[in-house]
Protein chains: 2
Amino acid sequence: MKTGSLDTTFAALADPTRRAILARLALGEASVMELAEPFAMTQPAISKHLKVLERAGLISRSREAQRRPCRLEASPLAEANLWLEKYRQFWEAQFARLDSLLEEIQASSPNLEPDQG
Amino acid sequence: MKTGSLDTTFAALADPTRRAILARLALGEASVMELAEPFAMTQPAISKHLKVLERAGLISRSREAQRRPCRLEASPLAEANLWLEKYRQFWEAQFARLDSLLEEIQASSPNLEPDQG
DNA sequence: GCGTTCTATAACCTACAGGGAATTTACGTC
DNA sequence: GACGTAAATTCCCTGTAGGTTATAGAACGC
């Protein structure tokens with residue numbers, strides 16, 4: 001049922017409306033109307049976004065009278081996180097290089113000495 | 001220059017070819033031809049993918065004779081990772097719930113006792 | 001200068017994504 | 001059963017993504 005592939009997960013996360021919906025759902029369950037309220041967008045558009053999130057396994061829906069409350073399903077995010085973690089060494093190395101570069105710049109700029117200001 | 005927005009980062013990561021290119025670049029710099037070689041795809045198609053990755057700030061390119069070696073730029077991945085981390089508590093909670101469910105199931109299935117096999 | 005190699009660009013096609021308007025379905029209430 | 005509300009579905013439009021082929025541009029060897 002839940003696709004769970006990185007393709008659909010990342011594609012679902014690429015839209016700001018959908019990320020905002022997930023952020024809202026992190027605060028708790030919500031109906032479609034409640035989710036649609038903050039957006040300058042019609043209800044069918046939100047329903048489409050929810051369908052994308054559901055097919056990506058990022059949300060699940062239950063019934064409760066006419067409402068169709070949505071709940072956050074975070075496991076595809078875990079999968080995405082796992083993929084990203086493989087590259088952690090690279091960004092940490094690049095940030096470290098940037099740090100030492102900034103240190104060099106500071107060390108070689110006398111106009112930043114305390115007695116100058 | 002580097003967009004760095006989550007929109008473009010996640011969109012770039014949503015394509016398996018592009019993720020494979022990043023994985024290749026994690027092993028070191030590579031030219032367009034080298035990157036294209038593993039794929040059943042023409043060179044212009046790869047160039048397009050590289051343009052997407054470049055606009056997302058995920059790679060950078062230099063000149064070296066006719067070659068245009070690509071290098072991995074991981075900082076957008078750090079940004080994406082930061083966004084995902086906000087949801088860590090959710091997937092960990094859900095996995096914990098799954099774990100305890102599995103424990104319950106095992107506890108109540110006598111046909112999995114050692115003297116059974 | 002000339003051909004060769006590597007890469008980028010242009011033009012084109014097909015499929016799909018994101019949005020709106022209108023309608024339909026599902027459920028609860030009176 | 002009629003009505004009202006919540007959500008999904010349908011149809012339409014526009015833009016863009018991903019692929020192709022063909023062409024152009026940049027850098028080297030001769």
Side-chain angles (χ1 to χ4, degrees), chain A residues 1 3 5-25 28-73 76, chain B residues 1 3 5-25 28-73 76:
Chain A
M1 185 68 83
T3 319
S5 83
L6 287 174
D7 282 34
T8 52
T9 302
F10 282 133
L13 297 182
D15 186 283
T17 302
R18 289 195 288 264
R19 287 200 306 278
I21 288 175
L22 292 181
R24 167 63 187 81
L25 290 180
E29 290 194 358
S31 70
V32 176
M33 294 301 269
E34 290 166 345
L35 290 173
E37 190 269 333
F39 302 102
M41 209 178 293
T42 60
Q43 169 263 317
I46 298 295
S47 279
K48 275 196 186 181
H49 283 302
L50 293 177
K51 183 176 268 183
V52 172
L53 290 170
E54 189 174 29
R55 298 194 63 188
L58 283 163
I59 66 170
S60 63
R61 286 138 131 174
S62 47
R63 291 221 76 118
E64 172 190 303
Q66 307 100 314
R67 288 167 198 79
R68 199 65 81 88
C70 298
R71 190 169 6 109
L72 177 63
E73 297 286 342
Chain B
M1 183 67 83
T3 319
S5 83
L6 287 174
D7 281 36
T8 53
T9 302
F10 282 133
L13 297 182
D15 187 283
T17 302
R18 289 195 289 264
R19 288 200 307 278
I21 288 176
L22 293 181
R24 166 65 185 81
L25 290 179
E29 291 195 358
S31 70
V32 176
M33 293 301 269
E34 289 167 346
L35 290 173
E37 190 270 333
F39 301 102
M41 209 179 293
T42 60
Q43 169 262 319
I46 298 294
S47 279
K48 276 196 185 180
H49 282 302
L50 293 177
K51 182 175 268 183
V52 172
L53 290 170
E54 189 175 29
R55 299 193 62 187
L58 283 163
I59 66 170
S60 63
R61 285 137 131 175
S62 47
R63 291 220 76 117
E64 173 190 302
Q66 308 99 314
R67 288 167 196 79
R68 200 64 83 86
C70 298
R71 189 170 7 108
L72 178 63
E73 297 286 342

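Naming: A, B, ... by sequence-line order, numbering from 1 per chain.
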Of the candidate nucleotides C/dG18, D/dG18, C/dC6, which contains the atom at the shortest distance from the side chain of B/Arg67? C/dC6
Taking the side chain of A/Met41 as its heavy atoms from C-beta onward, which of C/dG19, D/dT9, D/dT20 lies nearest to it? C/dG19
Between B/Arg18 and D/dG18, is there a side-chain N or O to OP1/OP2 distance below 4.0 Å? yes
Taking the side chain as C-beta and beyond, is there a heavy-atom pair between A/Arg24 and A/Leu35 under 4.5 Å? yes
Does A/Lys51 place a side-chain N or O at less than 4.0 Å from the phosphate oxygens OP1/OP2 of D/dT9? yes
Counting only side-chain nitrogens and oxygens, does A/Lys48 get under 4.0 Å of the OP1 or OP2 atom of D/dT9? no
Out of C/dA26, C/dT9, D/dA7, which nucleotide sits closest to the side chain of A/Val32? D/dA7
B/Arg67 side chain vs B/Met33 backbone, donor-acceptor pair below 3.5 Å: no
On DNA chain C, does the nearest nucleotide to A/Gln43 precede the nearest nucleotide to A/Val52 from the 5' side, or the other way round? Give the residue. A/Val52
Nearest listed nucleotide, side chain of B/Met33, among C/dT7, C/dG20, D/dT20: C/dT7
A/Ile21 CD1 to C/dG18 C1': how many Å, rounded? 13 Å
Can you tell me how far the CD atom of B/Glu54 sits from the OG atom of B/Ser60, to the nearest 0.5 Å? 8.0 Å
Round to the nearest Å and state the distance from A/Asp15 atom CG to D/dA17 atom P. 13 Å
Among C/dG18, D/dA26, C/dA11, the nucleotide that comes nearest once only the side chain of A/His49 is considered: C/dG18
5'-most contact on DNA chain D: B/Pro44 or A/Arg68, nearest heavy atom basis? A/Arg68
How long is the line joining CZ of B/Arg63 and P of C/dT5, in whole Å? 18 Å
Calculate the interatomic distance between B/Ile59 atom CD1 and C/dT7 atom C1'; express it in whole Å. 13 Å
Starting at CD of B/Glu29 and ending at P of C/dT7, how long is that distance when rounded to a whole Å? 12 Å
Side-chain atoms of B/Gln66 come closest, of C/dT5, C/dG19, D/dA8, to C/dT5
Between D/dT21 (P) and B/Ile46 (CD1): distance, integer Å: 14 Å
Rounded to the nearest 0.5 Å, the CG atom of B/Leu25 sits from the CG atom of B/Leu53 at a distance of 8.0 Å
Output the single nucleotide from C/dT7, D/dT20, D/dA8 whose closest atom is nearest the side chain of B/Ala45. D/dT20
Base, sugar-phosphate alone, or nothing: which one does B/Ser31 contact when heavy atoms must sit under 4.0 Å apart? sugar-phosphate
A/Glu37 CD to D/dA7 P, straight-line distance once rounded to whole Å: 13 Å
Give the rounded distance in Å between these two atoms: CG of B/Leu35 and C1' of C/dC6. 13 Å
Whether the side chain of A/Arg19 engages the backbone of A/Leu13 through a donor-acceptor N/O pair (distance < 3.5 Å, no angle test) should be reported. yes
Are the side chain of A/Arg61 and the backbone N or O of A/Arg68 linked by a donor-acceptor pair below 3.5 Å? no
Can you see if the side chain of B/Arg61 gets near the phosphate of C/dT7 - specifically, an N or O under 4.0 Å from OP1 or OP2? no
Would you say a side-chain N or O of A/Ser47 is under 4.0 Å from OP1 or OP2 of D/dA8? yes
Side-chain contact check for B/Ala65: nearest option of D/dT5, C/dA21, D/dC28 is D/dC28
